[in-house]
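Numbered from 1 within each chain, the chains take letters A, B, ... in sequence-line order. As a basis for the values below, the full set of heavy atoms in this structure was taken, side chains included, without hydrogen atoms, waters or symmetry mates.
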There are 2 protein chains.
Amino acid sequence: MTAPDMPDDPDAPARLRTLPSRLLGMAAMHADRVVAAGLSAADARKWHYAALVALHDLGPASQATLSRRTGIHRSDLVAVINELADRDLVERRPDPEDRRRNVVSLTPAGARWLSHLDDLLRSLQDDLLRPLSGPEREQLVDLLTRLVDHHTGIRRPTEG
Amino acid sequence: MTAPDMPDDPDAPARLRTLPSRLLGMAAMHADRVVAAGLSAADARKWHYAALVALHDLGPASQATLSRRTGIHRSDLVAVINELADRDLVERRPDPEDRRRNVVSLTPAGARWLSHLDDLLRSLQDDLLRPLSGPEREQLVDLLTRLVDHHTGIRRPTEG
DNA sequence: AAACTAACGTTAGTGTCACTAACGAATGGA
DNA sequence: TCCATTCGTTAGTGACACTAACGTTAGTTT
């Protein structure tokens, strides 16, 4: 029961404090903490939310396309769907048209759960972005989107 | 040596694509990849750089204060210092004034190595931020700094 | 028809990351 | 002298983002 001992870096050198890659990492870490803490109070994790959103907005899908839509690796998606199916939030059944596939679909309970998580997430995003004004939040989203879009699809400059 | 199979999320629902916490996570991931790949070409990792910068800018320090200055957890710092000391980039010796402590200091070779890494990192940040203009980069740094500053020091809203 | 290629879901395992827990040694205050 | 605290260190945890391999199923080629 000792208090956590890392006060982040109150006195880091400026060279580190202003390094964009480091700032991104730290901001992401805080974001992850806020979101994970909030979601865990609802017994959920971000992947659960991502999967539910994809199913709701884009309809039932095989695990492979769900993987593409959420960014969850297909080998990790198995467990996520297991957990959601265990709680009857999604249904997983074999695809009669292609027996390699499972079709995953949202149940009514899943849709209700999703709208609950949605409210929760909205307020978590708000916690996260508290120090920024409305326009600043849009600015941030815009800048990050352009960054991500630019780097998406690039794997490694110096690959084998 | 097969190609990576995750095209990120080309067709994720908008609700996910614009979620700030998710954007932060993805941007940070890309940033980490770019930086880690660049540094690994120089046989270094970001913690090595952070430690060297802290030693250079703020002078010799015990591992505990170095931990506070870099944000590296003190239990992880051990290995970082080991690796740097193995290459004679830093020196670790017991503090005569407090025999619990080690004093870690930069060697001349460490200083040279740091300035090399500095150049490297400058160009990596540039790669990372390529899609953004100069003012936009400053904007991003400003927004992220305020975000991080705001959340720094907060541990867990729902701690035991 | 047979053979090859590829996609699917699944399991197991890897390396990194941020962190907790515990330790022995040393310090400093009551 | 007792006690809490700090220090460096080791070991281990849980989440994450993968890779590798598998058996199954589906298309495509010949």
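In this structure, the NE2 atom of B:His73 is 16 Å from the C1' atom of C:dT16, given to the nearest Å. Atoms CG (A:Asp76) and P (C:dT11) sit 12 Å apart, rounded to a whole Å. Going from atom CG of B:Leu77 over to atom P of D:dG8 covers 8 Å, rounded to whole Å. In this structure, CG of A:Asn82 is placed 7 Å from P of C:dT11, rounded to the nearest angstrom. Atoms CE (B:Met29) and P (D:dA15) sit 18 Å apart, rounded to a whole Å. Distance CD1 (A:Ile72) to P (C:dT10): 14 Å, rounded to an integer number of Å. Rounded to whole Å, the distance from CZ on A:Arg22 to C1' on C:dA18 is 13 Å. In this structure, B:His30 atom NE2 and D:dC16 atom C1' are separated by 15 Å, rounded to whole Å.
Nearest nucleotide to the side chain of B:Gln63, out of C:dT10, C:dA21, D:dG8: D:dG8. Distances were taken from every side-chain heavy atom of B:Lys46 (C-beta onward) to each of C:dA18, D:dG8, D:dC18; the shortest belongs to C:dA18. Across D:dT9, C:dT20, C:dC17, the shortest atom-to-atom separation from the side chain of B:Arg45 is found for C:dC17.
Between B:His151 atom NE2 and A:Arg130 atom CZ the span is 8.5 Å, to the nearest 0.5 Å. To the nearest 0.5 Å, atom NE2 of residue A:His30 and atom CG of residue A:Asp127 are 14.0 Å apart.
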Between the protein and nucleotides 23-30 of chain C, which nitrogen or oxygen pairs are less than 3.5 angstrom apart?
{"residue": "C:dT27", "atom": "OP1", "partner": "B:Arg99", "partner atom": "N", "Å": "2.9"}

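Listed by chain and number, the residues in a side-chain hydrogen bond (donor to acceptor under 3.5 Å, both in side chains) with A:Asp88 amount to none (sequence neighbours excluded). Qualifying side-chain hydrogen bond (donor to acceptor under 3.5 Å, both in side chains) partners for A:Glu83, counting only residues two or more places apart in sequence or in other chains: A:Arg45, A:His48.
Using a 4.0 Å cut-off, some side-chain N or O of A:Asn102 falls inside it from OP1 or OP2 of C:dT10.
Mapping A:Trp47 and B:Ala64 onto DNA chain D via the closest heavy atom, the residue that lands nearer the 5' end is B:Ala64.
With respect to the salt-bridge test (charged N to carboxylate O, under 4.0 angstrom), the residues A:Arg101 and A:Asp98 qualify.
Side chains of A:His56 and B:Arg15: a donor-acceptor N/O pair is present below 3.5 angstrom, by distance only. No side-chain N or O of A:Arg137 forms a donor-acceptor pair with one of A:Gln125 less than 3.5 Å apart.
Nucleic acid contact for A:Ser62: sugar-phosphate only, since backbone atoms but no base atoms lie under 4.0 Å from a heavy atom of the residue.
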